[in-house]
K.L.:
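Got a structure here, written out as structure tokens. Questions coming.
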Amino acid sequence: DTEVTQTPKHLVMGMTNKKSLKCEQHMGHRAMYWYKQKAKKPPELMFVYSYEKLSINESVPSRFSPECPNSSLLNLHLHALQPEDSALYLCASSESTGGENYGYTFGSGTRLTVV
Amino acid sequence: AQSVTQLDSHVSVSEGTPVLLRCNYSSSYSPSLFWYVQHPNKGLQLLLKYTSAATLVKGINGFEAEFKKSETSFHLTKPSAHMSDAAEYFCVVSVITSGGSYIPTFGRGTSLIVHP
């Protein structure tokens, strides 16, 4: 299995809702990433997990809460989002964060709309 | 600090003509560089990567890129564009953080438009 699977593919939520995005990989990768991508822009790094520990948080608002329950699974919990949080949320994985040669495998993303 | 600059925000070609998407990097050493493609409303797919093994790198779908240290460039080329190549292309470099982790850092992207 050489894929990163993200669910759901599309999500519409109100500003008072709580929802979660899910990301799964079975390649044995020990680094996982969350990115936010607005239209016509490159992905912006949000969080990095290395060996199931949060290693980088790019000053993301607390209404976004990441979780890594095990080495194959990464969640992003959403609460009290704003309309400007509407974007494509991408998950990625790599063998680890310890080497620059590792490629990054991306999921297809979750298209989030906050109403 | 390592970074990449994609010189063109848009490139427009006719089907069957060559494609050139330009990327320059900034690094004090030979970095690891990648090209990714993103079709509309899709995730990112790795086209090819340079990791110092060979300066000319062949990727998927007929794309290739050449690492030129003297020019600090890693331009993406394809001899003949196909309509299905129309997409957003990102040049990416692995950047080391202050904590010692390598993370992917993206160029701004180049939108490739292919005319019939």
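The chains referred to below are lettered A, B, ... by the order of the sequence lines, with proteins before strands, and numbering in each begins at 1. Model, not experiment: these values are computed from the prediction.
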K.L.:
Could you look at A:Glu44 and say if it's the side chain, the backbone, both or neither that has a heavy atom under 4.5 Å from chain B?
P.N.:
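For A:Glu44, no heavy atom lies under 4.5 Å from chain B.
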K.L.:
Could you have a look at A:Gln6, A:Lys9, A:Gln37, A:Lys41 and say which one has the most heavy-atom pairs with chain B under 4.5 angstrom?
P.N.:
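Most heavy-atom pairs within the cutoff with chain B belong to A:Gln37.
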K.L.:
Check the surroundings of atom NZ in B:Lys58: do more than 12 heavy atoms from other residues, nucleotides or ligands lie under 6.0 Å from it?
P.N.:
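Atom NZ in B:Lys58 is not crowded, with 12 or fewer foreign heavy atoms closer than 6.0 Å.
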K.L.:
When only pairs under 4.5 Å are counted, which of B:Asn41, B:Ile96, B:Thr105 shares the most heavy-atom pairs with chain A?
P.N.:
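So the answer, after comparing B:Asn41, B:Ile96, B:Thr105, is B:Asn41.
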K.L.:
Can you tell me which portion of B:Lys42 sits under 4.5 Å from chain A's heavy atoms? Options are side chain, backbone, both or neither.
P.N.:
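For B:Lys42, the contact with chain A is made by the backbone alone.
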K.L.:
Is chain A contacted by the side chain of B:Gln38, its backbone, both, or neither, given a heavy-atom distance below 4.5 Å?
P.N.:
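Only the side chain of B:Gln38 comes within 4.5 Å of chain A.
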K.L.:
Please state whether the rings of B:Phe74 and B:Tyr50 are parallel, tilted or perpendicular, taking 30° and 60° as the class boundaries.
P.N.:
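Ring orientation, 0 to 90° scale: tilted.
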K.L.:
For the interface with chain A, which of B:Ser111, B:Pro104, B:Gly107 has the highest count of heavy-atom pairs at distances below 4.5 Å?
P.N.:
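Option with the greatest count: B:Pro104.
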K.L.:
Would you mind telling me which of A:Ser96, A:Pro43, A:Gly109, A:Gly107 has the largest number of heavy-atom pairs within less than 4.5 Å of chain B?
P.N.:
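The candidate making the most pairs under 4.5 Å is A:Pro43.
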K.L.:
Are A:Phe47 and A:Tyr89 grouped together when hydrophobic residues (ILVMFWY) are joined by side-chain heavy atoms under 4.5 angstrom apart?
P.N.:
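Yes, one cluster joins them.
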K.L.:
Is there a donor-acceptor contact under 3.5 Å linking the side chains of B:His115 and B:Ser12?
P.N.:
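A donor-acceptor contact under 3.5 Å links the two side chains.
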K.L.:
Of the backbone (N, CA, C, O) and the side chain (C-beta and beyond), which part of B:Ser9 lies under 4.5 Å from a heavy atom of chain A, both, or neither?
P.N.:
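Nothing of B:Ser9, per the 4.5 Å heavy-atom cut-off to chain A.
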K.L.:
Can you hop from B:Phe106 to A:Met46 via hydrophobic side chains spaced under 4.5 Å?
P.N.:
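Looking at the clustering, A:Met46 is in a separate group from B:Phe106.
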K.L.:
Taking atom types as modelled, is there a side-chain donor on A:Tyr33 or A:Thr97 under 3.5 Å from an acceptor on the other?
P.N.:
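On atom types as modelled, these side chains do not qualify, holding no pair under 3.5 Å.
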